[in-house]
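Worksheet: one structure, shown below.
The analysis underlying the following values was restricted to heavy atoms, covering all of them including side chains, and did not include hydrogens, waters or symmetry mates. So that the names make sense, note that chain A is the first sequence line, chain B the second, and so on, each numbered from 1.
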Amino acid sequence: MNTQTPSSPERVDFIREIVAADLRDGRCQSVVTRFPPEPNGYLHIGHAKSICLNFGVAQEFGGRCNLRLDDTNPVKEEQEYVDSIMTDVRWLGFDWGEHLYFASDYFEQLYEWAVDLIETGKAYVDDLSADEIREYRGTLTEPGKPSPWRDRPVEESLDLFARMRAGEFPNGARVLRAKIDMAAPNINLRDPIMYRIVHAQHPRTGDAWCVYPIYDFAHGQSDAIEGITHSICTLEFQDHRPLYDWYVDNLPVPSHPHQYEFARLNLTHTVLSKRTLLRLVNEEHVRGWDDPRMPTLSGLRRRGFPAEGIRDFVTMIGVAKADSVVEVEMFEHAVRTVLNRTSLRRFAVLDPLKVVIENYPEGLTEEMEVLNNPEDLSAGSRSVPFARELWIERDDFMEDPPKKFFRLAPGREVRLRSAYFVTCHEVVKDADGKVVELRCTYDPDTRGGSAPDGRRPKATLHWVSAEHAVAAEVRLYEHLFNSPFPGTDGRDLFEDLNPDSETVLRGCFVEPALADAPIGETVQFERLGYFAADQDSASGALVFNRTLTLKDSWAKLQAQGRHDTA
RNA sequence: UGGGGCAUCGUUCAAUGGUAGGACACAGACCUUUGGAGUCUGUUAUCUAGGUUCGAAUCCUAGUGCCCCAGCCA
């Protein structure tokens, strides 16, 4: 049984090295981090990396991590997203305690600081249009040129900015800009915009504001207000760091945080851009943000992925600055490791084939004792009813089996797990030649699954009593995208959508113990994979989602086309 | 032709001037009342070229490749 964490505890990434050094050298007394999502979508597995990093670092060094909703753009943000973010962070296993903040909490302070900058001649109101601002900004290789409004009197900027706030101007009429350097090689420093006019309802501040700060003018100061020591973000913000520092250096902020950047997570067969996830939802390629095929935390949760598996995965992949695409198999391995250790075993037949045990007494039911988890004896056992008529998996029988097929076949004896050995004697077919029933006999001396004479069948099958089985719908899931790198090589992203990402199976049978399976709790259907009862389940109408398959070496042989080799 | 980053097994992360290692994936073997799990073994890597050094993935120089930046998004 594997109870180890997937990586050695002494392994330290560059962020943790920096934090440790800062603590050791007294650059900070304790560590304070923050996870700062914008509430404009649902959190996904990529966010999990950031959450685990920020909360993990805080935890490990005895500090604290704030949850801050970065709600500076009311046209994209919604309360639904705020709620889902809090749910998902908690579910992942982290707690921000009292430290829940919103960038919008700081709007008044931010506004005052903006006024400070105008007063000291370091900011001005610009009347240029968006197009003109772009033209004046120059290009990557050519410097920009100053706006004609750059040197307008401080009093005029002050007046205009107040009137922008008061709502006197329409969207886009003017902006507030920092006066830095129009010739800076870093475009972010070419008089970056601090405030824009937006007449929109904000989820928290309503219509109190007509101007909203741009990310750059809000983030560092919010960090400073909260006493963040290490502001950890992704690589694309590296170019913003000089601006982050400029604001913090030019404003009377209460602390001086520092920004550090790491490479965001990418996964094969997966897309993690919020824009694309939003399209998948809006264009109904999936049924919602929590569709079990979505890489969102709510989708993964619904699919049956345990939070612990996600955390282990994040530990496994580490933190660095090199762009990378992690193979999704690594994620699946982390999840299987947790599930193998923790999930209860159950019997379920997805594609049923009737078996009649001719020498088994009619009307008799025996309760077979079956281990709940052979990896964890403390999980105990349950009893599973066994009777004369059973369902087994259609795939577990072949009339004319190839060399390496060890399961049931005419004349062959196999073990029914935790029950009896059975031997197939007759194959019943319908008019089309389809196998509809197997006539078998059982060996009464093999009760529990072992023979007194020590003979051992080469295969063990799962089964369910026809009389006692409970009907269920089972939804099989595969990668949402066929290509490991969706939308590359000139293909449209949506061309790479896997048409078979969901297969719905009706007429499946599960053992009685599954009749009241708790929603979201993942169990192992023996020999098949991990499954979790879906929220669409109603009493008498069970629905299970396949979380992941178990590795199946026969399926692998088949896929390799090797099953016929003698 | 500007600025900022990054280059180590197929993938990902280590090695912080001293034997290039782990995990995933792959291959084989063992074991098995899940063809699961587990155990063991194996294959495969320092972007290139110079230089410094007893010794370089690590330091220096010059190249090459890839990523990010010209939103009133974050």
Side-chain angles (χ1 to χ4, degrees), chain A residues 1-2 6-8 11-13 17 36-38 40 70 72-73 75-76 126 128-130 133-135 137-144 171-177 184-190 193-198 211-212 214-216 218-219 233-242 261 263 268 274-275 313 316-334 336-337 340-341 345 347 370-371 374-375 404-407 415-419 448-450 456-462 484 524-529 549-557:
Chain A
M1 174 162 124
N2 180 5
S7 74
S8 47
R11 185 159 125 192
V12 166
D13 54 70
E17 270 174 19
E38 182 189 11
N40 67 343
D70 206 350
T72 57
N73 185 2
V75 308
K76 289 187 177 178
D126 194 346
L128 254 26
S129 71
I133 286 180
R134 190 180 318 118
E135 280 170 34
R137 188 151 35 219
T139 68
L140 294 179
T141 52
E142 299 158 330
N171 288 356
R174 291 175 228 270
V175 291
L176 182 69
R177 294 230 251 169
N186 180 342
I187 288 180
N188 294 121
L189 264 15
R190 320 240 262 230
I193 290 165
M194 296 162 58
Y195 272 90
R196 74 285 214 190
I197 297 170
V198 181
V211 290
Y212 290 90
I214 237 63
Y215 166 85
D216 290 299
H219 204 91
C233 63
T234 44
L235 254 26
E236 66 270 26
F237 292 101
Q238 285 177 122
D239 289 344
H240 293 244
R241 185 165 7 105
E261 310 88 10
T268 56
K274 270 199 200 175
R275 196 187 132 270
F313 167 65
M316 206 184 266
I317 58 174
V319 179
K321 294 189 76 162
D323 293 312
S324 61
V325 185
V326 177
E327 290 176 337
V328 73
E329 286 80 3
M330 210 184 283
F331 180 40
E332 294 173 351
H333 175 264
R336 281 197 185 92
T337 301
N340 179 52
R341 197 179 75 227
R345 312 294 133 120
F347 292 163
V370 185
L371 250 25
E375 306 282 327
K404 292 185 178 173
F405 184 87
F406 302 134
R407 284 111 96 143
R415 172 165 41 229
L416 296 181
R417 169 139 240 228
S418 301
S450 53
R456 293 152 82 169
K458 292 196 84 169
T460 300
L461 273 41
H462 60 279
Q524 185 193 98
F525 289 177
E526 289 217 25
R527 303 206 305 133
L528 296 176
T549 60
L550 242 25
K551 291 185 185 166
D552 179 345
S553 28
W554 166 245
K556 191 167 159 184
L557 280 179

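- Checked options A:R177, A:R174, A:R137, A:R196; the residue passing with A:D126 is A:R177 (criterion: salt bridge (charged side-chain N to carboxylate O under 4.0 Å, His left out)).
- The CG atom of A:N340 sits 18 Å away from the P atom of B:rU32 (whole-angstrom rounding).
- Expressed to the nearest 0.5 Å, how far CE of A:M316 lies from CE of A:M330 amounts to 7.5 Å.
- Secondary-structure stems of RNA chain B, taken as three or more successive Watson-Crick or G-U wobble pairs (i with j, i+1 with j-1) under a 3.5 Å distance threshold, comprise B:2-7 with B:64-69, B:10-13 with B:21-24, B:26-30 with B:38-42, B:47-51 with B:59-63.
- Taking OG of A:S418 as the reference point, atom NE2 of A:H462 lies at 13.0 Å (rounded to 0.5 Å).
- Backbone-only engagement by A:S324 is indicated by non-hydrogen atom pairs under 4.0 Å involving sugar-phosphate atoms exclusively.
- Taking side-chain N and O atoms only, A:H462 has no distance below 4.0 Å to OP1 or OP2 of B:rU34.
- Across the P atoms, B:rU16 and B:rA56 are found 15 Å apart, a figure rounded to whole Å.
- Between the P atoms of B:rA27 and B:rA20, the separation comes to 28 Å (whole Å).
- Using a 4.0 Å heavy-atom criterion, one finds that A:Q238 contacts the sugar-phosphate atoms exclusively.
- If you check every strand for non-hydrogen atoms under 4.0 Å, A:Q524 touches a base.
- Taking the P atom of each, B:rG17 and B:rU12 are spaced 25 Å apart, rounded to whole Å.
- For the pair A:H219/A:F237, no side-chain contact is recorded, criterion being any heavy-atom separation below 4.5 Å from C-beta on.
- Comparing B:rC13, B:rU12, B:rU33 by their nearest atom to the side chain of A:I317 picks out B:rU12.
- Atom CZ of residue A:F331 and atom OG1 of residue A:T268 lie 11.5 Å apart, to the nearest 0.5 angstrom.
- Counting heavy atoms from C-beta on, the side chains of A:R345 and A:L371 never come closer than 4.5 Å.
- When the P atom of B:rU33 is taken as reference, atom CG of A:L371 falls 13 Å away, rounded to whole Å.
- Nucleic acid contact for A:T460: sugar-phosphate only, since backbone atoms but no base atoms lie under 4.0 Å from a heavy atom of the residue.
- Applying the 90° criterion around 0 to the glycosidic angle, B:rG71 comes out syn.
- Contact annotation: A:R456 reaches the phosphate of B:rU33 (side-chain N/O to OP1 or OP2, under 4.0 Å).
- Scanning atom types as modelled, one donor and one acceptor separated by under 3.5 angstrom connect the side chain of A:R407 and the base of B:rG35.
- Close to B:rG35, at under 4.0 Å from its OP1 or OP2, lies a side-chain N or O of A:R527.
- Ring geometry for A:Y215 against A:H240 counts as perpendicular: the plane angle is over 60°, on a 0 to 90° scale with 30° as the lower cut.
- A 4.5 Å side-chain heavy-atom check between A:R336 and A:L550 finds every atom pair outside the cut-off.
- Put simply, the side chain of A:E142 and the base of B:rG2 share no donor and acceptor less than 3.5 Å apart.
- When side chains are defined from C-beta on, A:V175 does not count as touching A:I214, because their heavy atoms never get closer than 4.5 Å.
- Side-chain N/O atoms of A:S553 include one lying less than 4.0 angstrom from OP1 or OP2 on B:rG36.
- Between B:rG18 and B:rU1, the distance separating the two C1' atoms is 44 Å to the nearest Å.
- Between the CD atom of A:E329 and the P atom of B:rC26 there is a distance of 7 Å, rounded to whole Å.
- When rounded to the nearest whole Å, the span between CE of A:M330 and C1' of B:rA14 equals 13 Å.
- A:Q238 places a side-chain heavy atom less than 4.5 Å from the side chain of A:K321.
- To the nearest 0.5 Å, atoms OG1 (A:T460) and CZ (A:F406) are separated by 12.5 Å.
- Going from atom CZ of A:F347 over to atom C1' of B:rG36 covers 13 Å, rounded to whole Å.
- Computed from coordinates, the A:W554 CH2 to B:rU34 P distance equals 19 Å when rounded to whole Å.
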Original post:
Where along nucleotides 67-74 of chain B does protein come under 4.0 Å, by heavy atom, of base (B) or sugar-phosphate alone (S), with - for untouched nucleotides?
Top reply: SBBBSBSB
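- Between B:rU58 and B:rA45, the distance separating the two C1' atoms is 16 Å to the nearest Å.
- The P atoms of B:rU32 and B:rC24 are separated by 23 Å, rounded to the nearest whole Å.
- Atom CE in A:M316 sits about 17 Å away from atom C1' in B:rG21, given to the nearest Å.
- Distance A:E332 CD to B:rG36 C1': 15 Å, rounded to the nearest Å.
- A gap of 25 Å separates the C1' atoms of B:rG5 and B:rG10, to the nearest Å.
- Between A:K556 and the phosphate of B:rA27, there is a side-chain N or O to OP1/OP2 separation shorter than 4.0 Å.
- Salt-bridge formation is not detected for the pair A:K274/A:E38: no Lys NZ or Arg NE/NH1/NH2 atom is positioned less than 4.0 Å from an Asp or Glu carboxylate oxygen.
- Residue A:K551 has a polar side-chain atom (N or O) positioned under 4.0 Å from OP1 or OP2 of B:rA25.
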